Engineer: 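This is the structure I want to talk about, given as structure tokens.
So that the names make sense, note that chain A is the first sequence line, chain B the second, and so on, each numbered from 1. Everything quoted here is computed from the prediction, not taken from an experiment.
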Amino acid sequence: MRAARAVRAAGRTDPGLPVSFYDRPVLQVARDLIGCVVSYGGASGVIVETEAYHDSEPACHAFAGLTPRTATLFGPPGLAYVYRSYGVHALLNAVCEPPGVGAAVLIRALEPIEGLELMAERRGIPEARRPRDLCSGPGKLTQGLGIELSENGCDLSRGPLIISERLERSEYPEVVVGRRIGITKAVELPWRFCAAGSRYLSAPVRLAGSAPER
DNA sequence: CATGGGATTGACT
DNA sequence: GTCAATCCCATGC
């Protein structure tokens with residue numbers, strides 16, 4: 001199931017997920033990225049929240065077609081799509097599906113595991129005593145890791161910005177599904193994936209007709 | 001070339 | 001709860 005299973009045999013040296021992992025339906029990748037690890041700039045964290053975007057629905061930047069902005073989205077799978085949000089924040093996505101399809105997974109929150117002091121410093125938080133504030137949002141995590149727009153188009157399987165699988169299957173959390181956050185179009189699609197019960201989400205899981213989780 | 005709108009966050013009432 | 005910051009770029013004239 002997990003495309004990177006073979007990579008695990010290579011040992012502990014944090015190999016990035018292979019391109020084949022991303023060359024699949026974006027909803028599948030979004031779900032499977034929960035529990036994987038993002039590493040950059042001397043810090044890392046476990047992915048606890050993602051959202052899927054696809055050129056077939058209007059909330060996706062690629063819905064507008066191939067433009068300078070969306071070129072990365074339509075490129076080969078496994079690239080980082082980094083763009084500026086609200087003129088302020090850099091948001092990180094993993095490009096999915098074959099070239100010519102505009103699809104990506106937005107990385108929305110991490111549970112910090114390494115470099116907490118560094119993240120706190122980059123975030124302008126006095127101390128790393130509150131790990132919940134370091135990566136609990138798509139703009140927060142890029143700031144914490146030091147990811148800039150210049151990383152747009154880089155290869156996520158080669159680094160320096162890298163997403164890797166965890167070694168133990170048992171470390172992967174249960175995944176719950178909800179509606180995407182902060183969008184005004186296609187709001188009804190249940191394309192947000194979260195680690196069940198995680199305290200590091202950007203917001204509680206919400207789906208029409210169901211009570212908020214935690 | 002001018003305009004408007006965000007896949008957000010933090011500060012403030 | 002409200003709201004501004006700030007910039008890339010799609011769109012339209």
Engineer: At a cut-off of 3.5 Å, list every protein nitrogen or oxygen paired with a nitrogen or oxygen from nucleotides 11-13 of chain C, distance to 0.1 Å.
Structural biologist:
none

Engineer: Output one line per pair: protein atom, nucleotide atom from nucleotides 8-12 of chain B, and distance, for all N/O pairs under 3.5 Å.
Structural biologist:
unit_1: B/dT8; atom_1: OP1; unit_2: A/R108; atom_2: NH1; d: 3.1
unit_1: B/dT8; atom_1: OP2; unit_2: A/G182; atom_2: O; d: 3.2
unit_1: B/dT8; atom_1: O2; unit_2: A/H89; atom_2: NE2; d: 2.9
unit_1: B/dT9; atom_1: OP1; unit_2: A/P138; atom_2: N; d: 3.1
unit_1: B/dT9; atom_1: OP1; unit_2: A/G139; atom_2: N; d: 2.9
unit_1: B/dT9; atom_1: OP1; unit_2: A/K140; atom_2: N; d: 3.3
unit_1: B/dT9; atom_1: O4'; unit_2: A/H89; atom_2: NE2; d: 3.1
unit_1: B/dG10; atom_1: OP1; unit_2: A/R123; atom_2: NH1; d: 2.8
unit_1: B/dG10; atom_1: OP1; unit_2: A/R123; atom_2: NH2; d: 3.0

Engineer: Under the 3.5 angstrom rule, does the side chain of A/T70 hit a backbone N or O of A/A64 as a donor-acceptor pair?
Structural biologist: no

Engineer: One thing to verify: whether A/E51 and A/R108 come together as a salt bridge, which I'm taking to mean a side-chain N less than 4.0 angstrom from a carboxylate O.
Structural biologist: yes

Engineer: Are the side chain of A/E151 and the backbone of A/L161 linked by a donor-acceptor contact shorter than 3.5 Å?
Structural biologist: no

Engineer: Check whether the side chains of A/R123 and A/Q143 place a donor and an acceptor atom closer than 3.5 Å, and report yes or no.
Structural biologist: yes

Engineer: Closer than 3.5 angstrom, by distance alone: can the side chain of A/E97 be matched with the main-chain N or O of A/V26 as a donor-acceptor pair?
Structural biologist: yes

Engineer: Measure CD/A/E51 against P/B/dA7 and give the value in whole Å, please.
Structural biologist: 11 Å

Engineer: Could you spell out the base pairing of DNA chain C in dot-bracket, with Watson-Crick or G-U pairs whose two distances are under 3.5 Å, [ ] crossing and | to another strand?
Structural biologist: |||||.||||||.

Engineer: Membership question, hydrophobic clusters at under 4.5 Å side-chain separation (ILVMFWY): are A/L118 and A/I162 in the same one?
Structural biologist: no

Engineer: Taking the six-membered ring for Trp, are A/H61 and A/Y53 ring centroids under 6.0 Å apart?
Structural biologist: no

Engineer: For a side chain to side chain donor-acceptor pair (under 3.5 Å) check, start with the C-alpha distance between A/E111 and A/S198, then their side-chain angles and the critical distance, and finish with the verdict.
Structural biologist: CA-CA 8 Å; A/E111 175 177 343; A/S198 174; 5.0 Å; no

Engineer: Where the side chain of A/T142 meets the backbone of A/A90, is there a donor-acceptor pair that is under 3.5 Å apart?
Structural biologist: yes

Engineer: Round to the nearest Å and state the distance from A/F63 atom CZ to B/dA7 atom C1'.
Structural biologist: 15 Å

Engineer: Using whole Å, report how far NE2 of A/H61 lies from P of C/dA10.
Structural biologist: 10 Å

Engineer: Write down the distance between OH (A/Y53) and C1' (B/dG6), rounded to a whole number of angstrom.
Structural biologist: 11 Å

Engineer: Rounded to whole Å, how long is the line connecting atom CG of A/L92 with atom C1' of B/dA7?
Structural biologist: 12 Å

Engineer: Rounded to whole Å, how long is the line connecting atom CH2 of A/W191 with atom C1' of B/dA7?
Structural biologist: 13 Å

Engineer: When you measure from the centre of the six-membered ring of A/F21, is the NZ or CZ of A/R24 under 6.0 Å away and within 45° of the axis?
Structural biologist: yes

Engineer: Decide, yes or no, whether a salt bridge links A/E57 with A/R180 under the criterion of side-chain N to carboxylate O below 4.0 Å.
Structural biologist: yes

